[in-house]
Amino acid sequence: MENVESYEPVQALASNDHWEFKLYVAGHTDRSIKAFENLKKVCEEYLREQYNIEVIDLLENPQIAKQDQIIALPTLVRKLPTPFKKIIGDLSNKEKILVGLEIHKVSTNQGGDQL
């Protein structure tokens with residue numbers, strides 16, 4: 001089993017790869033805001049401009065929780081690239097996000113960037 005602490009994503013994304021995320025929250029709580037901020041930081045660092053984040057407030061649209069099988073909040077779902085991946089929590093553990101969503105850093109040079 002791979003040790004999360006030593007994980008260093010270095011695979012470059014192809015220029016046409018695009019990542020789609022849905023972040024399910026319950027209102028504008030500190031936990032919801034923190035989850036969005038943490039996700040945004042990871043996306044900016046690792047995916048550059050190759051991502052889209054849709055925030056879904058289940059207080060405004062509670063029927064979506066059952067439809068999308070959301071049982072805890074906040075929940076992050078990676079829609080693209082497939083297969084779907086889910087992470088529950090405030091996304092404060094960067095390594096958990098990288099491993100859980102299989103995110104690899106976008107290369108800015110021929111050798112690739114490392115963490």
Side-chain angles (χ1 to χ4, degrees):
M1 186 166 166
E2 184 176 8
N3 182 344
V4 173
E5 295 301 318
S6 66
Y7 181 78
E8 294 185 20
V10 294
Q11 175 183 343
L13 293 172
S15 61
N16 61 350
D17 283 348
H18 190 78
W19 297 69
E20 295 284 334
F21 300 103
K22 286 188 175 184
L23 179 61
Y24 296 86
V25 298
H28 293 118
T29 64
D30 289 342
R31 188 171 168 93
S32 298
I33 293 167
K34 186 70 171 171
F36 177 76
E37 289 172 350
N38 290 337
L39 175 60
K40 183 85 169 164
K41 283 180 194 175
V42 168
C43 288
E44 286 296 316
E45 182 177 351
Y46 288 86
L47 303 177
R48 304 271 163 38
E49 297 176 4
Q50 296 176 270
Y51 70 93
N52 183 55
I53 301 170
E54 179 182 358
V55 178
I56 299 166
D57 187 345
L58 294 178
L59 291 180
E60 294 176 10
N61 300 300
Q63 71 282 2
I64 293 175
K66 185 174 182 181
Q67 173 186 321
D68 291 352
Q69 300 177 344
I70 303 302
I71 58 171
L73 297 173
T75 294
L76 173 65
V77 176
R78 183 187 82 184
K79 301 295 273 183
L80 290 175
T82 56
F84 295 151
K85 300 282 184 178
K86 280 186 184 179
I87 296 180
I88 298 170
D90 66 5
L91 309 177
S92 59
N93 185 323
K94 181 176 169 181
E95 287 78 20
K96 180 180 174 183
I97 297 170
L98 295 174
V99 172
L101 298 178
E102 299 175 359
I103 293 177
H104 304 283
K105 196 166 192 170
V106 175
S107 178
T108 56
N109 59 42
Q110 292 180 345
D113 290 340
Q114 298 224 352
L115 283 175

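Fair warning: this is a prediction, and the values are worked out from it, not measured in the lab.
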task = With side-chain contact (heavy atoms from CB on, under 4.5 Å) as the test, would you mind laying out the steps for I87 and R78 before giving the verdict?
result = CA-CA 9 Å; I87 296 180; R78 183 187 82 184; over 6 Å; no
Looking only at heavy atoms, which two atoms of [X] and [Y] are closest? And how far apart?
X   : Y   : result
I56 : K22 : CD1-CD, 3.7 Å
P74 : R31 : CD-NE, 3.2 Å
I88 : A72 : CG2-CB, 3.7 Å

query = Does the T75 side chain pair with the main chain of Y24, one donor and one acceptor, at a distance under 3.5 Å?
reply = no
message = Using only atom types and a distance under 3.5 Å, with no angle test, would you say the side chain of D57 pairs donor to acceptor with the backbone of L59?
response = yes
Inter-residue atom distance [X].[atom1] - [Y].[atom2], 0.5 Å rounding:
X   : Y   : atom1 : atom2 : answer
L39 : L91 : CG    : CG    : 6.0 Å
K94 : I97 : NZ    : CD1   : 9.0 Å
K86 : Q69 : NZ    : CD    : 5.5 Å
N52 : L47 : CG    : CG    : 11.5 Å
E49 : C43 : CD    : SG    : 12.5 Å
D90 : L76 : CG    : CG    : 12.0 Å

[X], [Y]: one ILVMFWY side-chain cluster at the under-4.5 Å cut-off?
X   : Y    : value
L80 : W19  : no
V77 : V99  : no
I53 : I103 : yes

query = Would V25 and F36 satisfy side-chain contact (heavy atoms from CB on, under 4.5 Å), going step by step from the backbone distance to the final call?
reply = CA-CA 9 Å; V25 298; F36 177 76; over 6 Å; no
remark   = With sequence neighbours left out, the residues meeting salt bridge (Lys or Arg N to Asp or Glu O under 4.0 Å) with E44 are K40
inquiry  = Checking E54 against K79 for the salt bridge (charged side-chain N to carboxylate O under 4.0 Å, His left out) test, could you report, in this order, the C-alpha distance in whole Å, the side-chain angles of both residues, the deciding distance, and whether it holds?
reply    = CA-CA 10 Å; E54 179 182 358; K79 301 295 273 183; over 6 Å; no
